[in-house]
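Right, one structure below, let's go through it.
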Amino acid sequence: MGQLFSGHGRKKPNGSMAMWTPPPPRAPAPREPISVPLPNHPLMKIESRVSGARHDPRPCGYSFDAELEVAEVDDRGRPQYPWVARAQKLSRSNVVFRSRRMCYTGREIILAIHLIDCSPVGLYGRVRSCDYDGEGQYVVDVDLITLPNRPELQAWIDHLAA
């Protein structure tokens, strides 16, 4: 009498039953690394962050420890109520600071950097990212842009110098 299920085993020529074994798995094909062109300048250090599915190179900047006064700029170009923050990194194109207040991505802000024996230096930028760092602190990355020639912004910086 023949076998009821042909997949369970076959008779070998000598009459014993052999079990079917699957073929060994193949090794996955190797992936090539993604190459992204980065600026090749000796003074520019690049930090690579991956946010979501895109590759986003950001300048690392240099360690910078100074007190800042930060204010968001409203739609009419006027600075709002300022708060105090602490700078962490500074480069030619961005500044990173820690703050107790969160900033929305894309908002324009004005910064006044307080240095020793000097009047505050004004910087203007757009918030690139704001991440919670713990202990009620946020790390805010700001792309610097040219300070607009508006009397309200200059008056804000001059008021802090007095």
Joint cluster assignment, [X] & [Y], ILVMFWY side-chain distance < 4.5 Å:
X      : Y      : value
Tyr124 : Leu90  : no
Leu147 : Trp156 : yes
Leu160 : Ile109 : no
Leu153 : Val127 : no
Trp83  : Val142 : yes

Check your understanding: Salt bridge check: are Asp143 and Arg128 linked by an N-O gap of less than 4.0 Å?
Key ->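 Looking at Asp143 and Arg128, the cut-off is met.
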Check your understanding: Is Arg107 salt-bridged to Glu72, going by a charged N under 4.0 Å from an acidic O?
Key ->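 Salt bridge flag = yes for Glu72 with Arg107.
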List the atom of [X], the atom of [Y], and the distance in Å for their closest heavy-atom pair.
X      : Y      : value
Ser91  : Gly61  : CB-CA, 3.6 Å
Thr105 : Ser129 : OG1-CA, 4.3 Å
Ala71  : Pro82  : CB-CA, 4.1 Å
His114 : Ala66  : O-CB, 4.2 Å
Ser119 : Ala161 : CB-CB, 4.1 Å
Val139 : Val96  : CG1-CG1, 3.6 Å

Are the side chains of [Y] and [X] in contact, using a 4.5 Å heavy-atom criterion?
X      : Y      : result
Pro79  : Ile110 : yes
Ile145 : Arg126 : yes
Met102 : Tyr138 : yes
Leu68  : Arg86  : no

Review point. Any sub-3.5 Å donor-acceptor pair from Asp74's side-chain atoms to Arg78's backbone N or O?
Key: yes
Could you state the interatomic distance from [atom1] ([X]) to [atom2] ([Y]), rounded to the nearest 0.5 Å?
X      : Y      : atom1 : atom2 : result
Gln137 : Ser99  : CD    : OG    : 7.0 Å
His159 : Gln154 : NE2   : CD    : 13.5 Å
Arg92  : Leu144 : CZ    : CG    : 12.5 Å
Phe97  : Ile113 : CZ    : CD1   : 10.5 Å

Point to revise | Result of checking Leu123, Val121, Ile157 against Leu111 for side chain to side chain contact (heavy atoms under 4.5 Å, CB included) | key: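 Among the candidates, only Leu123 passes.
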Point to revise | Tyr132 atom OH, over 12 foreign heavy atoms within 6.0 Å | key: yes
Check your understanding: How far apart are the C-alpha atoms of Glu67 and Val84, what are their side-chain angles, what is the distance that settles it, and do they pass the side chain to side chain contact (heavy atoms under 4.5 Å, CB included) test?
Key -> CA-CA 7 Å; Glu67 186 175 300; Val84 178; 3.9 Å; yes
